[in-house]
Engineer: 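This structure is in structure tokens; I'll ask about it shortly.
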Amino acid sequence: MLLVKNGTVVTADQTRRADVLCDGGLIRAVGEGLAAEAPAGAEVIDAGGQLVMPGGIDPHTHMQLPFMGTVASEDFYTGTAAGLAGGTTMIIDFVIPAPEQPLMEAYRQWREWAEKAAADYSFHVAVTWWDDSVHKDMGTLVRECGVNSFKHFMAYKNAIMVDDEILFRSFTRAWELGAIATVHAENGDVVFQLQQELLARGITGPEGHPLSRPPEVEGEATNRAIRIAQVLGVPVYIVHVSARESLQAITRARSEGQRVFGEALAGHLVVDDSVYWSDDKEFAAAHVMSPPFRPKHHQDALWHGLQSGNLQTTATDHCCFCADQKAMGRDDFTRIPNGTGGIENRMEILWDEGVNKGRLTMNEFVRVTSANTAQIFNIYPRKGAIAAGSDADLVVWDPAATKTISAKTHRHNVDFNIFEGRTVTGCASHTVSGGKVVFANGDLRAENGAGRYVDRPSFQSTALGDALARRAERKTPAPRKR
Ligand code: URP
Ligand code: ZN
Ligand code: ZN
């Protein structure tokens with residue numbers, strides 16, 4: 001049994017002085033004076049002067065992802081452990097089948113890799129190609145494997161990019177199954193053309209990366225994905241929104257009543273595109289990710305998106321590659337493995353730049369770091385809440401603690417940190433995962449394999465879902481609004 005006492009509990013909808021009593025991996029009670037209910041010998045965290053919030057959920061990570069000819073350096077143990085050190089107690093990672101690879105085979109592969117996770121995890125599954133087996137496997141994933149979201153890459157041409165026909169087919173299937181479509185929205189054909197043009201002009205360095213992926217290609221693809229989803233009435237979630245243009249498309253659709261969600265990355269909120277023009281090419285390559293970091297005015301737009309509720313979640317897209325891996329693209333920016341890290345730092349960046357700067361209230365901080373993700377992906381209030389019956393995933397947050405972020409001290413298994421040198425005020429003092437204290441005042445006690453796979457049910461009730469799925473297998477459904 002664990003008692004977190006004397007803290008101020010902050011959730012998405014309230015702030016109050018309360019103790020939190022945990023037992024058997026769950027929260028048993030939340031209220032004042034719970035010390036009397038804790039048996040002698042119960043473990044105690046004194047959270048006096050601190051905040052007690054739901055553990056963070058990072059809805060977008062890529063641990064040990066095979067990508068662009070190499071494999072991301074962070075595995076499911078090291079990555080989730082780093083998350084725990086920063087107050088993140090759950091990730092939603094991505095199963096990304098190679099083209100023609102059966103979805104179920106890829107899903108099983110990722111489940112095996114994730115067995116060593118130190119924190120809870122779940123999977124979005126990417127649709128990277130199409131045939132009848134993909135249609136069938138999507139059904140199996142939703143009905144039997146706890147998957148309720150499918151990912152689509154509109155970029156990475158000649159690799160995992162899908163065209164509009166596949167978007168249409170997969171969105172239709174997601175709708176039938178009560179799943180949500182998620183999208184990496186960049187126009188991959190335009191990116192490819194720009195890449196060829198830049199290379200032909202002799203632009204081979206990392207600055208070619210943002211030049212080949214201007215905000216317009218993101219805005220166009222975001223709008224296209226949203227409009228295709230509108231035709232079908234399927235909810236759609238746009239990952240790593242980095243540009244004002246894509247936020248505009250999301251905002252418009254939401255104002256017209258469409259069920260569209262958007263995710264901002266901690267990196268896109270604070271890092272700008274000047275990094276790509278550094279004389280230090282290794283430094284510039286370390287920042288290569290897609291979509292790229294943007295000119296500063298896009299950061300203001302993203303903050304406004306979070307403040308207005310048009311963007312609901314924050315993530316990291318944690319996808320780490322070390323300098324020797326980034327060097328694969330030394331002579332050709334299109335070969336630099338795309339990805340950057342940040343899972344340990346997301347919460348502290350959001351707090352420091354969001355709450356400390358008056359952009360977010362504490363409750364909004366909880367919404368965008370856990371509660372909204374839990375609701376959008378249908379695991380609320382098991383996750384993202386502090387209530388009797390919820391999983392005992394908590395972060396005890398010291399709003400006065402300061403820390404300077406550095407690759408020399410971070411727990412990420414990578415040699416670079418995009419937040420290098422930033423001093424943040426407000427950090428996790430303790431992290432509780434499944435009722436266990438896994439981080440305490442700098443002491444990381446992450447346990448290999450302690451994380452559990454989290455089923456995410458379909459958005460339809462089982463009976464309705466089965467009926468709809470059976471009907472859908474007989475005939476194509478008419479487009480309709482949810
Ligand atoms: O550059 C990135 N974001 N790498 C990971 C794959 C993706 O696009 O999310
Ligand atoms: Zn992406
Ligand atoms: Zn990603």
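The figures here come from the full heavy-atom set of this structure, side chains too, leaving out hydrogens, waters and symmetry mates. Counting starts at 1 for both ligands and their atoms, in listed order.
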Engineer: Would you say His60 reaches the Zn ion (ligand 2) with an N/O/S atom under 2.8 Å?
Structural biologist: no
Engineer: Just let me know how His184 lines up against ligand 1, side chain, backbone, both or neither, with a heavy-atom cut-off below 4.0 Å.
Structural biologist: side chain
Engineer: When you measure from the Zn ion (ligand 3) to each N, O or S atom of Asp317, which atom gives the shortest distance?
Structural biologist: OD1
Engineer: Under 4.0 Å from a heavy atom of His240: give me the atoms of ligand 1 that qualify, with their elements.
Structural biologist: 8 (O), 9 (O)
Engineer: Check whether Tyr453 forms a cation-pi arrangement with Arg111 (NZ or CZ under 6.0 Å from the six-membered ring centre, at most 45° off the ring normal).
Structural biologist: yes
Engineer: Can you confirm whether Phe168 is buried at CZ, in the sense that more than 12 heavy atoms of other residues, nucleotides or ligands lie under 6.0 Å from that atom?
Structural biologist: no
Engineer: Is it the case that ligand 1 has an N or O less than 3.5 angstrom from some N or O of His62?
Structural biologist: yes
Engineer: Can you pull out the closest protein heavy atom to atom 1 (O) of ligand 1? Residue, atom name and distance to 0.1 Å, please.
Structural biologist: Ser290 N, 2.8 Å
Engineer: Does the pair Glu348 and Asn345 meet the rule for a side chain to side chain donor-acceptor pair (under 3.5 Å), with working shown?
Structural biologist: CA-CA 5 Å; Glu348 51 210 25; Asn345 310 121; 2.8 Å; yes
Engineer: State whether Glu218 and Arg213 are salt-bridged, where the test is any N-O pair (Lys NZ or Arg NE/NH1/NH2 against Asp/Glu carboxylate O) under 4.0 Å.
Structural biologist: no
Engineer: Could you list the atoms of ligand 1 found under 4.0 angstrom from a heavy atom of Cys319?
Structural biologist: 5 (C)
Engineer: Measuring to the Zn ion (ligand 3), does His184 have an N/O/S atom at a distance below 2.8 Å?
Structural biologist: no
Engineer: Indicate yes or no: does Glu176 engage Arg173 in a salt bridge with an N to O separation below 4.0 Å.
Structural biologist: yes
Engineer: Which atoms of ligand 1 sit under 4.0 Å from any heavy atom of Met289?
Structural biologist: 1 (O), 3 (N)
Engineer: Pick from Thr88, Thr316, Thr313: which one makes a side-chain hydrogen bond (donor to acceptor under 3.5 Å, both in side chains) with Asp58?
Structural biologist: Thr316
Engineer: Nearest protein heavy atom to atom 3 (N) of ligand 1, by residue and atom, and its distance?
Structural biologist: Asp317 OD2, 2.6 Å
Engineer: Determine whether the side chain, the backbone, both or neither of Tyr156 has a heavy atom under 4.0 Å from any heavy atom of ligand 1.
Structural biologist: side chain
Engineer: Closest non-hydrogen protein atom to atom 4 (N) of ligand 1, residue and atom name please, with distance?
Structural biologist: Asn338 O, 3.0 Å
Engineer: Give a yes or no on whether the ring-centroid distance for His412 and His318 is below 6.0 angstrom.
Structural biologist: yes
Engineer: Counting heavy atoms not belonging to Lys281, are there more than 12 under 6.0 Å from its NZ?
Structural biologist: yes
